[in-house]
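Okay, structure first, notes after.
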Amino acid sequence: MESLVIAYMYPNLMNLYGDRGNMVCLEKRIGWYGHQCEVRTVNHNDRLDFQRIDMLFMGGGSDREQGLVYNDLLVKADKLMQEIEDGLPALFVCGAYQLLGTSYQSHEGTVLNGLGFFDLHTLGQKERLIGNILLESELEGELKTVVGFENHGGRTYFDDEQLKPFGTVVKGYGNNGEDGREGIRYKNLIGTYLHGPLLPKNPHVADFLIKAMAQRRGITLSEPLDDTIENFAHQQVKNRILAGK
Amino acid sequence: MKIRLYLAILAGKMAIFFSRLAGNQGTNFPGRLARRIYPPILTELAGNILRETVIITGTNGKTTTSNMMAEIIKENNFSYVHNRAGANMITGITTAFIQATNLSGKREFDYGLLEVDEANVPLLLQEIPVKALLITNFFRDQLDRFGELDNTINIIKEAVQDTDIELILNADDPLVSHFQNQTGLNCWYFGFDDTVYDDIASAESREGRHCVFCGHELVYERFHYAQLGKYSCPQCQNQNPARDFSAHGLNLSPAISFQVNNLPIQSPYQGFYNAYNILAAVSLAKRMGFPDETIQTAISSYHPQAGRMEKFIINGKTVLLILVKNPTGLNQSLVALTQETANKNVFMALNDNAADGRDISWIWDADLEILANRQEDINYLICSGLRSGDIAVRAKYAGFDPARIVIKTRLQEGIARAVEGSNDTAYILSTYTALFTCRQILLKMQTKAKRQSNQSQYQRQSG
Ligand SMILES: [Zn+2]
């Protein structure tokens, strides 16, 4: 039995409803796969020891909180980008996803710098994009549906056409409600607007992250898990979205 | 030129009548219609309040607190206008005034007692002169993300600025403590002294734990309930304001009792959150000058209201129906039902219609672990409603044995499953839009069970 370590970034600042669900999901599934999972919270000014980290998770927050986080994260940025290049699994939701880009302009016109990991930018608007969302996403070479809930004022645009979205929108808004893209996928990093939360109802996405962690550590996972309940919930939401409700 | 007022009242009263006839509660539409005919109708009708109007707002406990307040006013033999549960938008409040008045719009009342949705407070203050505003608490609920709660707090603060409204505030809630400094108004604080139920490290929702003045994380000496407790800011000395209405000697079982300053209070209600509602009502009543004995009598004789927690007896089995709508409320219900050691089935209907909140992710901030930790007393957890799958997944990841999680999306089948079996009791938890149907199903089952037992009794007697 091995222990996998997930760094939970700024849970006090960046934490929307449901984010906790993503962490609980990873923790439990890693346990069911026969290993241990340790969630290590990383707060403002804490050191981030990448030697000991198997995955990184960061959620969303309000503008004020995003500003606080940006300053702290900037110190860690170079090292973090190097790890992501090397295949560190990471999940960035909502505000955290926006921070990966070059800039975020609020609807009042204030511009916040992003970390600039990817050539994308976000424009805030007063009218929020809210609702259930259905995507098609390619994970481990297979096209699968992903369901979730989105609620964001920001419209995110790719400035580099080579960037790969996390999925294509079947129903819902996605990055900006215009180009049919949702989130970003780069190596083992996923940036997305989906919460609700994302992982428990999309066990294949959770497993994509867990398998990447296991592979980097060179550990094997036990038999596939029984996902009857998870798949039921996934299908239920999918039906509801496709029926236009 | 009052003809438009009469027309508006008439149209409103007819709309109330017809929506009742159609089986609706008739809460918002009549008010909206009347306001379209005669926009100042609410201001005009509020002019018939002889003494004063008080309003109660906040995230949780508005309805219970204002219902208790109504009991106290009733106990003092005063007349009052009071909007019904849930009809707390400006249109619903207009409906309440239309319903209470006569056709000439002249009937007078002693008090206005209004439960008001947080975001509607500024609108209401523009239309009605208000003596006192009671804020129960500010919790983040499912509609709140991205600082919308901060927004709400700010607009309320702006709305009371430059008025002479008295504020009755929760001293234990760090989110309301800046009202005094920033509005300069007369503030009266209620809160709890240390209680035996306090938590030194609470696992509940972590929201609102940052200082409203400087943003630094607050340090808590103890938590009473959710983010309510004894806090201080290490950076700027912000801490609980002094209590004007201080509750001590709290006892929660078998029912609530405590003292407010020197006044002993008893209530058949349960749960710490209701202790807060009682304390809020007592504090407001004392500010309004009602005699102590009438407050004591009203609170002790006021029983839990239908719908919030309603009891049914089906084939000798106790079935409790409970409305749940946010993490804090759900946690409280789970704590209450797991305290009962009887063998039980638990049913939960989760809907995601507009009135429930389209976003159901709030269930991940509720501690279903409370249920999982006491699963030896629970035979089955039945998951129902439009999002039955989500509640089942939540329970599984809380550590509830998947073999005892049953998914029955249809309410009828789910409730039947929960009530049958060897369990002694059943708890039916439901979000708002499934509640009415759940209640109808339970009423029908109860009536049928009663009829059958009467029949078999009759057969025994005649046989
Ligand atoms: Zn402070």
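No hydrogens, no waters, no symmetry mates; every other heavy atom, side chains included, goes into these values. Quick caveat: nothing in here was measured; it's all calculated off a predicted structure. Below, chains carry the letters A, B, ... as their sequence lines are ordered, and counting in each starts from 1.
For the pair A:Phe232 and B:Thr409, the minimum side-chain heavy-atom distance is below 4.5 Å. When side chains are defined from C-beta on, B:Leu386 does not count as touching A:Gln236, because their heavy atoms never get closer than 4.5 Å.
Atoms CG and CG, on A:Asn151 and B:Asp359 in that order, are 7.0 Å from each other to the nearest 0.5 Å. Taken to the nearest 0.5 Å, the CG atom of A:Asn132 stands 7.0 Å off from the CZ atom of B:Arg358. Atom CG of A:Asn22 and atom OG of B:Ser361 lie 10.0 Å apart (nearest 0.5 Å). Rounding to the nearest 0.5 angstrom, the gap separating the OG1 atom in A:Thr228 from the CD1 atom in B:Ile407 is 9.0 Å.
The heavy-atom pair separating B:Tyr397 from A:Val24 by the smallest distance is O-CG1, 3.5 Å. The heavy-atom pair separating B:Arg387 from A:Val237 by the smallest distance is NH2-CG2, 3.4 Å. Taking every heavy atom of both residues into account, B:Lys396 and A:Asp226 meet most closely at NZ-O, 3.1 Å.
Side chain of A:Glu230 to backbone of B:Val393: no donor-acceptor contact under 3.5 angstrom is found.
Remark: A:Glu127 CD is loosely packed, at most 12 non-hydrogen atoms of other residues, nucleotides or ligands lying under 6.0 Å away. Applying the 6.0 Å contact sphere to CZ of B:Arg404 captures more than 12 heavy atoms from other residues, nucleotides or ligands. Within 6.0 Å of atom CD in A:Glu223, 12 or fewer heavy atoms from other residues, nucleotides or ligands are found, so the atom counts as exposed in its surroundings.
Comparing B:Ile405, B:Ile360, B:Asp352, B:Asn353 by how many heavy-atom pairs each has under 4.5 Å with chain A, the most go to B:Asp352.
For the pair A:Lys201 and B:Trp364, the cation does not sit on the ring face, since its NZ or CZ is not both under 6.0 Å from the ring centre and inside 45° of the axis.
When heavy atoms are compared at a cutoff of 4.5 Å, B:Ala395 does not approach chain A at all. If you measure heavy-atom distances from B:Ser388 to chain A, the contacts under 4.5 Å come from both the backbone and the side chain.
A salt bridge is defined here as a Lys NZ or Arg NE, NH1 or NH2 lying under 4.0 Å from an Asp or Glu carboxylate O, and B:Asp367 with A:Arg20 meets this definition.
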